[in-house]
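What you see is a predicted model; the values in this text were computed from it and never measured. Just so you know, these numbers use all the heavy atoms, side chains as well, and skip hydrogens, waters and symmetry mates. Throughout, a chain's letter reflects where its sequence line sits, starting with A, and its residues are numbered from 1.
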There are 2 protein chains.
Amino acid sequence: MDKEENDSRCEQCIIRQFNALRAMSKEELKKVSDSKITRKIKKGESIFEEGEKLNGVFCVRNGVSKLSKLSANGKDQIVKLATKGEVMGQRSIIAEEHSNLSAVAVNDMEVCYIPKESIVHTLKSNPDFAVEVLRHMAHDLREADDVIVNMSQKTVKQRVAEAFLYLKNNFGEDKDGFLALTLSREDIANVVGTATESCIRIISEFRKKGFLKTSGKRIGIADERKLQDLVEGF
Amino acid sequence: MDKEENDSRCEQCIIRQFNALRAMSKEELKKVSDSKITRKIKKGESIFEEGEKLNGVFCVRNGVSKLSKLSANGKDQIVKLATKGEVMGQRSIIAEEHSNLSAVAVNDMEVCYIPKESIVHTLKSNPDFAVEVLRHMAHDLREADDVIVNMSQKTVKQRVAEAFLYLKNNFGEDKDGFLALTLSREDIANVVGTATESCIRIISEFRKKGFLKTSGKRIGIADERKLQDLVEGF
DNA sequence: TTGAAAAGCTGACAATTATCATATCTATGT
DNA sequence: ACATAGATATGATAATTGTCAGCTTTTCAA
């Protein structure tokens with residue numbers, strides 16, 4: 001077994017520590033490992049579409065994917081950004097529904113596709129795994145509740161500020177102090193739930209006020225405190 | 001055993017068919033039944049508060065409860081209306097977090113308080129139960145995603161219209177054609193995520209246009225089709 | 001390298017929604 | 001029945017946000 005292949009075995013995968021797969025037994029993990037397919041996905045490529053019937057879940061090894069839902073007026077609302085270690089599509093598999101979200105790569109990605117059989121089987125036979133999945137879903141649900149409140153009770157400006165703090169906390173910064181995850185202005189608008197132009201305008205305003213710095217499409221946080229204050233309502 | 005007591009045993013409880021408790025074995029159910037406490041709660045009374053540490057879950061036998069979260073600007077956002085058969089507080093128990101929501105009775109209620117021990121124990125020993133809980137949570141999560149999209153992409157008018165259709169579909173109408181669940185205008189505004197005055201204004205507008213009929217605080221749907229069209233964006 | 005095409009930016013204006021003030025109604029307990 | 005607090009209603013106005021149009025910059029592939 002060469003090193004390359006070794007790296008790709010779930011048993012060795014570090015990513016697993018961050019998701020529910022860590023509750024699987026050695027044997028279960030081996031089954032998953034044998035049935036999974038690792039795929040490289042290029043920036044902008046689609047992983048699955050809203051309404052599609054999923055026959056497995058996707059475990060993100062590298063890169064970031066946006067999970068979004070198309071609204072009646074033709075705009076995408078980004079509901080979640082899934083990164084290293086996160087599992088996409090599990091909600092649909094568990095509820096036995098078609099996917100309610102689309103997944104598109106925000107940058108180049110590597111994902112493992114795990115057919116649902118091994119997941120469903122383990123769910124039914126290993127309560128620890130089921131509880132672990134449950135815990136993750138409980139966490140997602142809490143986050144969703146928080147987003148609902150933010151959407152309805154905060155201004156667009158506050159939500160934009162919050163989005164940048166979120167990006168910094170979850171994806172970090174590069175050596176020049178720019179956000180490590182570069183999203184288009186349109187994507188940011190779709191996370192925040194506003195018009196692209198409004199989003200751009202607010203970014204400009206924040207730049208002029210010294211809260212942010214920009215360089216092309218790259219954005220960096222210049223005054224985290226001020227942004228935080230704004231989110232809190234000052 | 002008198003009839004009263006018989007009715008209150010979980011094994012006989014019809015409500016159970018609507019939630020995850022149906023996946024419990026006879027013995028598990030008996031334990032739950034022995035440890036649970038049935039409580040009557042009056043309209044407006046609080047069941048639990050945001051930030052409170054819950055030591056059990058609440059199963060709704062009768063009546064309706066609003067689950068809400070206080071926002072920074074002092075307004076409540078109602079995230080969910082829990083009715084007969086629904087279980088409240090399970091998310092917090094599973095995630096082992098303090099509650100992220102408050103629960104207040106919208107009308108007179110009867111709820112069963114089930115200490116977390118029997119729930120947690122069954123989760124870990126009965127995979128069918130865990131999967132059933134998971135399924136319910138997956139469903140809640142999907143609904144939450146939908147709410148996020150509605151909040152950010154629909155106008156207040158559309159969301160008000162949608163709220164009334166939701167109330168009709170989930171709680172029905174009385175013999176006079178008014179919604180069976182009567183919420184205050186403020187509560188409706190808090191579901192929709194808008195100012196109470198805006199909500200009232202829109203209700204007046206809908207009444208004048210013949211979409212709704214009102215009688216005091218009672219509201220009835222007069223033209224479901226028109227409301228539906230409005231939601232769809234026509 | 002270069003020339004579309006896409007993304008970013010800004011102004012002008014319109015539409016939506018919130019806020020404040022005030023008036024009227026109505027449900028509820030005594 | 002009646003007082004009254006709380007809920008509902010409406011006007012006036014301000015603030016926020018969206019839309020459309022046109023321009024500039026950046027990106028990316030030929």
Side-chain angles (χ1 to χ4, degrees), chain A residues 42-45 71-77 104 106-108 150-161 163-164 178-179 182-209 212-220 230 233, chain B residues 42-45 71-77 104 106-108 150-161 163-164 178-179 182-209 212-220 230 233:
Chain A
K42 286 212 201 75
K43 177 178 175 174
E45 232 180 285
S71 71
N73 61 28
K75 273 192 198 161
D76 262 334
Q77 173 66 37
V104 173
V106 170
N107 42 34
D108 290 353
N150 281 344
M151 284 294 176
S152 70
Q153 307 284 3
K154 290 198 171 138
T155 64
V156 173
K157 216 172 279 190
Q158 289 177 308
R159 298 195 322 255
V160 171
F164 286 120
F178 290 100
L179 293 169
T182 301
L183 294 176
S184 70
R185 305 293 197 261
E186 187 181 3
D187 278 344
I188 298 169
N190 289 346
V191 167
V192 167
T194 189
T196 307
E197 296 95 322
S198 298
C199 183
I200 289 175
R201 239 182 271 277
I202 289 168
I203 291 171
S204 296
E205 183 193 330
F206 285 175
R207 182 173 32 73
K208 282 170 197 157
K209 286 188 176 164
L212 295 176
K213 58 180 178 178
T214 66
S215 164
K217 63 185 312 184
R218 290 191 308 159
I219 294 174
L230 210 156
Chain B
K42 287 212 201 73
K43 177 177 176 175
E45 231 180 285
S71 70
N73 62 28
K75 272 191 197 163
D76 263 333
Q77 173 65 38
V104 173
V106 170
N107 43 34
D108 289 352
N150 281 344
M151 283 294 176
S152 70
Q153 307 285 4
K154 291 199 170 137
T155 64
V156 173
K157 216 173 277 191
Q158 289 177 308
R159 302 202 310 265
V160 171
F164 285 120
F178 289 100
L179 293 169
T182 301
L183 293 176
S184 70
R185 307 294 198 261
E186 187 180 3
D187 279 344
I188 298 169
N190 289 345
V191 167
V192 166
T194 189
T196 306
E197 298 94 319
S198 299
C199 182
I200 288 174
R201 240 183 269 278
I202 290 169
I203 291 171
S204 296
E205 183 194 330
F206 285 176
R207 182 173 31 74
K208 281 169 196 158
K209 286 188 176 162
L212 295 176
K213 58 180 178 177
T214 66
S215 162
K217 62 184 313 182
R218 291 191 308 160
I219 294 174
L230 212 157

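The two residues A:Thr182 and A:Lys217 come nearest to each other via the heavy atoms CG2-O, 3.6 Å. Minimum interatomic distance between B:Asn73 and A:Gln153 (heavy atoms only, all atoms of both residues): ND2-O, 3.1 Å. Between B:Ser215 and B:Phe178, the shortest heavy-atom distance links the atoms CB-CZ, 3.7 Å.
Residues A:Leu179 and A:Arg218 are not in side-chain contact: their nearest non-hydrogen atoms beyond the backbone lie 4.5 Å or more apart.
Of all the residues in residues 191-204 of chain A, A:Thr194, A:Ala195, A:Glu197, A:Ser198, A:Arg201 reach under 4.0 Å from DNA chain D with at least one non-hydrogen atom.
Going from atom CZ of A:Arg207 over to atom P of D:dT25 covers 13 Å, rounded to whole Å. Counting to the nearest Å, the P atom of D:dT8 and the NZ atom of B:Lys213 are 18 Å from each other. Across the protein-nucleic acid pair, B:Phe206 atom CZ and D:dT8 atom P stand 17 Å apart, rounded to whole Å. Rounded to an integer number of Å, the gap from B:Arg218 CZ to D:dA9 P is 14 Å. Between the P atom of C:dT28 and the CG atom of B:Asn107 lies a distance of 13 Å, rounded to the nearest Å. As a whole-Å value, the separation of B:Glu205 CD from D:dT10 C1' is 13 Å. The nearest whole Å value for the distance from the CG atom in B:Asn190 to the C1' atom in D:dA7 is 14 Å. Whole-Å rounding puts the B:Leu183 CG to C:dA27 C1' distance at 17 Å.
In this structure, OG1 in B:Thr194 is found 6.5 Å from NZ in B:Lys75, a value given to the nearest 0.5 Å. Taking CG of A:Leu212 as the reference point, atom CD1 of A:Ile202 lies at 11.0 Å (rounded to 0.5 Å).
For B:Lys217, the side-chain atoms get nearest to D:dT8 when compared with the rest of C:dG8, D:dT8, D:dT19.
Between A:Thr155 and A:Gly216, it is A:Thr155 whose nearest contact on DNA chain D lies nearer the 5' terminus.
Between B:Thr196 and B:Glu186, the side chains place no donor N or O within less than 3.5 Å of an acceptor N or O (distance only, hydrogens not considered).
The overall bend of the helix from C:dT1-D:dA30 to C:dT30-D:dA1, read as the angle between its terminal helix axes built from five base pairs each, is 50° when rounded to 10 degrees.
The shortest distance between the side-chain N/O atoms of A:Lys43 and the OP1/OP2 oxygens of D:dT27 is not below 4.0 Å. For D:dT16, neither phosphate oxygen OP1 nor OP2 lies less than 4.0 angstrom from any side-chain nitrogen or oxygen of A:Lys154.
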With side chain to side chain contact (heavy atoms under 4.5 Å, CB included) as the criterion, how do B:Ser184 and B:Asp187 come out once you've worked through the C-alpha distance, each side chain's angles and the decisive distance to 0.1 Å?
CA-CA 5 Å; B:Ser184 70; B:Asp187 279 344; 3.5 Å; yes

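Ion pairing of B:Lys157 with B:Glu205 is present here, as a side-chain N (NZ or NE/NH1/NH2) and a carboxylate O approach within less than 4.0 Å.
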